[in-house]
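Before any comments, here is the structure.
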Amino acid sequence: MEWKLFANLAETAGRKDIALDLDDDATVEDALEALFERHPDLQAEVYENGELAEHIRLLVDGTDPFATADGYETRLDADAELALFPPVSGG
Amino acid sequence: MTATVKPSALLWEHMHVLGVVGYSDTGKTTLLERLAERLAERGRVATIKHLHEFDIDVEGKDTDRHRAAGADRTYGITDDGEWFATGSDRTLRDALEDVAPEFDYALVEGFSGAAIPQVVIGERDHAGDAIATAPEADAVDVDDVVDALEQTEPFETLESLVWRVKDDPAAERAGAIATFTGQVRAKDGPEDDRTEHLAFEKYEGVAEQRLAGIEQDLESRDSVLSVELHHRTGTIEAGEDIVFVVVLAGHRTEAFEAVSDGIDRLKEDVPIFKKEITVEDSFWVHER
C-alpha cells in the first residue's frame with residue numbers, strides 16, 4: 001500500500017509518496033503508525049490529543065473511512081492508496 | 001466569434017498542448033511534422049513556432065506596409081480562404097488561448113521556457129514536464145508520444161469551456177450560459193504584500209473524480225443542462241485565471257445558482273492545495 005501526502009504534510013516528510021509493506025490484515029491505524037515511525041515530525045503536525053486533528057483529512061482509495069467504513073479499524077487491501085492532507089484550498 | 005466547423009466525432013475533445021524543444025539543428029521541425037501528421041488523423045492541429053526574429057511578410061509587401069504604418073494586427077486573406085496574420089505583443093499563452101476553443105492539439109516548436117508538456121531532444125534545458133526525451137529527434141517514437149500526450153492535463157480557457165457546453169446535444173433547450181472565473185488577486189487591500197503567484201497542487205485522480213461528481217450533481221437539477229468545472233494547477237501568476245465554472249441552463253436563475261453552488265462546492269470538496277508566494281513570503285493558504 002502507499003501513502004500520498006500533500007501541501008505542508010509532504011514538505012514535512014520531504015516526499016509525496018511513501019510505499020509501505022504491511023501485513024495482510026493491516027488497518028488504517030497500522031498504516032498511520034508505520035508512517036509516523038518513518039516520519040516522526042508528521043505525527044506532531046497531524047495529531048491532536050492522540051488522534052487525527054479535526055482539520056486533517058484521511059482518505060482510503062478516495063473515500064473517507066471515518067464516514068463510510070470503520071475509521072482507524074478499517075482493513076486495508078494490499079494495494080490500497082491512503083492520502084493525508086490539510087484543509088483543501090482550491091479556487 | 002463565428003462558428004467554426006469541427007469534425008462531429010471530436011466535439012467532446014479537450015485541447016492538448018505539446019512542445020518540441022532542443023538545440024538548433026537537432027531535427028525539431030522534422031519531428032514536429034511527424035507529430036502533426038499523426039495527430040491530424042485524430043483531430044484538428046494548430047502549430048506555434050518560436051522565432052528568434054520576425055521573418056515573414058518581407059519588406060515592401062502591402063501587408064508589411066500596413067504594419068509599418070502602425071497596425072497592431074494585419075491579416076492577409078486569399079479568395080480560397082488561405083491566410084496569415086502578423087501583429088505585435090503576442091505571447092505563447094495568448095496564442096494557446098486563441099486556438100483552445102477550436103483545436104484538439106497545439107504543437108509548439110521551441111519555447112523551452114514554457115511550462116507545457118514537452119518532448120526534449122538532446123538534454124536541452126526545459127521548464128515543462130518532459131513526456132519524452134531522446135538524444136536526437138529521429139529516435140522519438142511518435143506513437144508513444146501521442147499516448148503520453150493524451151494523459152496530460154488539457155489546456156482550457158473560459159472560451160473553450162463555453163464552446164463545449166454550446167455543443168451539448170441539450171443546447172437547444174438552453175436559454176442561458178452563466179460562468180465564473182477565479183483569478184489570482186495581487187492585493188487584498190492597499191497595505192497588503194503583493195502576491196506574485198500562486199502554486200496549486202492537486203490529488204491526481206481523486207480531484208477529477210470529485211469535480212465530475214459535482215458536475216453530475218448540478219446537471220441532475222431541473223433546467224441545468226450541462227456543467228463544466230476546470231481548475232488549473234502549477235504556478236499561476238497574478239492576474240491569470242485559476243478556475244472556471246460554466247453552466248448551460250434553460251433559464252438564468254438556475255444558471256446563476258448552479259454557478260454559485262459549483263464554485264462553493266469545488267472550494268469545499270476538491271483536494272487542491274494553494275501556496276501563496278508574495279514579495280515577502282511564501283505560505284500554504286490554509287495555514288493563515
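Below, chain A is the first sequence line, B the second, and so on; all start at residue 1. Values reported hereafter were calculated over all heavy atoms of this structure, with side chains retained and with hydrogens, waters and symmetry mates removed.
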Neighbour count above 12 (heavy atom, 6.0 Å) for A/D25 CG: yes

Report the option among B/R210, B/K202, B/E201 that has the most heavy-atom pairs separated by less than 4.5 Å from atoms of chain A. B/E201

For residues 229-253 of chain B against chain A, heavy atoms under 4.5 Å, the residues are B/H231, B/I242, B/V243

Looking at B/R185, I'd like to know if its CZ atom is crowded, meaning that more than 12 non-hydrogen atoms belonging to other residues, nucleotides or ligands lie closer than 6.0 Å. no

Atom NZ of A/K16 with >12 non-hydrogen neighbours under 6.0 angstrom: no

Applying a heavy-atom distance below 4.5 Å, give me the residues of residues 77-91 of chain A that approach chain B, sorted by number. A/E81, A/A83, A/F85, A/P86, A/P87, A/V88, A/S89, A/G90, A/G91

Does atom CG (B/D269) have a neighbourhood of more than 12 heavy atoms from anything else shown, all under 6.0 Å? yes

Of all heavy-atom pairs between A/K4 and B/Y203, which one has the smallest distance, and what is that distance? CD-CE2, 3.7 Å

How many angstroms lie between atom NZ of B/K275 and atom CG of A/N8, to the nearest 0.5 angstrom? 9.0 Å

So, the part of B/K267 with a heavy atom under 4.5 Å from chain A: the answer is both

Looking at B/D281, I'd like to know if its CG atom is crowded, meaning that more than 12 non-hydrogen atoms belonging to other residues, nucleotides or ligands lie closer than 6.0 Å. yes

For B/D125, I'd like to know if atom CG has over 12 heavy atoms of other residues, nucleotides or ligands within 6.0 Å. no

Determine whether more than 12 heavy atoms belonging to other residues, nucleotides or ligands lie under 6.0 Å from atom CZ of A/F66. yes

Is the CG atom of A/D21 crowded by more than 12 outside heavy atoms at less than 6.0 Å? no

Just so I know, are the side chains of B/W284 and A/E11 near enough to count as touching, which here means a heavy-atom distance under 4.5 Å? yes

Per-residue contact mode, B/E268 against chain A (heavy atom under 4.5 angstrom): backbone

